[in-house]
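Contents: one structure, followed by commentary.
Hydrogens, waters and symmetry mates are skipped; everything else that's a heavy atom, side chains included, is used.
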Amino acid sequence: WLLLYTYLFYLVSGYIQEDLQSIGKQILLKCKSRIIWWLSKTFWCINLVIAFYICIVVSVFIFSVFINSRISFICNSDIHMIFSEMVFNNITLKKLLLDFLFIPMLTAVCLSVMQISVSLIWGQIVGFVLNVVVLILSIFVDTDYLIGNMLMPLRQIEGSLSLNNIGFVFLMIVLLKHLNLIKFLIL
């Protein structure tokens with residue numbers, strides 16, 4: 001889990017700085033708006049996270065076909081009991097997709113956008129280290145305000161997290177983006 005998301009944030013880490021040091025300056029001049037340039041970087045980040053999750057799902061399906069396993073979206077309560085010591089008898093497909101795919105992907109998007117915002121102000125290393133610290137703290141601290149917990153489906157199934165927490169994440173992103181855009185547009 002930690003290595004998977006660390007790799008995702010590593011992919012995001014150098015994009016802004018590398019783009020500004022290479023062709024990004026020319027693109028910035030041609031589009032004549034820093035806001036449009038920034039939105040394009042945000043869309044790139046969102047697309048990267050979606051592609052990352054698609055690769056994970058496709059890898060799971062390929063592995064399942066390779067080992068001649070039956071592919072099903074039904075939770076096997078015996079397997080879950082072995083790994084998590086919890087009983088999952090009443091999990092619907094909607095809740096499974098929400099907790100295991102949608103919420104973690106949306107949280108990864110938020111963390112990635114936060115990372116490129118921080119990277120633009122303080123540098124790519126600071127943005128990457130900030131996200132890794134959030135991941136490590138999320139392992140040991142189960143709180144609604146540490147958004148790395150939303151990347152863990154078991155904490156969502158246990159009921160400690162909900163979609164209301166995503167509002168907090170978006171509030172943080174909007175605040176960071178606002179501060180970042182003010183500094184970026186002034187310079």
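In this structure, Phe9 CZ and Gln124 CD are separated by 15.5 Å, a value rounded to the nearest 0.5 Å. From Leu130, atom CG reaches atom OG of Ser13 across 13.0 Å, with rounding to the nearest 0.5 Å. Taken from CG in Leu8 to SG in Cys55, the straight-line distance is 11.0 Å, to the nearest 0.5 Å. Residue Ile46 holds its CD1 atom at 8.5 Å from SG of Cys110, rounded to the nearest 0.5 Å. Between atom CG of residue Leu48 and atom CZ of residue Phe43 there is a gap of 15.0 Å, rounded to the nearest 0.5 Å. Note that CG of Leu106 is 10.0 Å distant from CG of Leu111, once rounded to the nearest 0.5 Å.
Leu101 has its side chain within reach of Val57: a pair of non-hydrogen atoms, C-beta onward, lies under 4.5 Å apart. Within the 4.5 Å cutoff, no side-chain heavy atoms of Ser119 are placed close to those of Phe128.
Summarising the local packing, CD1 of Ile56 is surrounded by more than 12 heavy atoms from other residues, nucleotides or ligands at distances under 6.0 Å.
In the hydrophobic clustering of this structure, Val60 does not group with Phe63; members are Ile, Leu, Val, Met, Phe, Trp, Tyr whose side-chain heavy atoms approach within less than 4.5 Å, directly or through other members. Following chains of ILVMFWY side-chain contacts shorter than 4.5 Å, one can reach Met105 starting from Phe61, so the two form part of one hydrophobic cluster. Hydrophobic cluster membership differs between Leu137 and Leu3, with clusters built from Ile, Leu, Val, Met, Phe, Trp and Tyr side chains linked at under 4.5 angstrom. If you chain together hydrophobic residues whose side chains sit under 4.5 Å apart, Phe140 and Leu4 fall into the same group. Hydrophobic clustering of Ile, Leu, Val, Met, Phe, Trp and Tyr side chains at less than 4.5 Å, counting indirect connections, unites Val132 with Ile139.
Pairing each heavy atom of Ile116 with each of Lys41, the nearest pair is CD1-O, 4.0 Å. Across every non-hydrogen atom of Ser112 and Asn131, the tightest pair is N-ND2, 4.5 Å. The two residues Trp44 and Leu11 make their nearest non-hydrogen contact at CH2-O, 4.0 Å.
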Task: Working for side chain to side chain contact (heavy atoms under 4.5 Å, CB included), residues Val12 and Cys45 - done: CA-CA 7 Å; Val12 173; Cys45 191; 4.2 Å; yes
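Using bins of under 30°, 30° to 60° and over 60° for the plane-to-plane angle, the ring pair Tyr7/Phe52 lands in the tilted bin.
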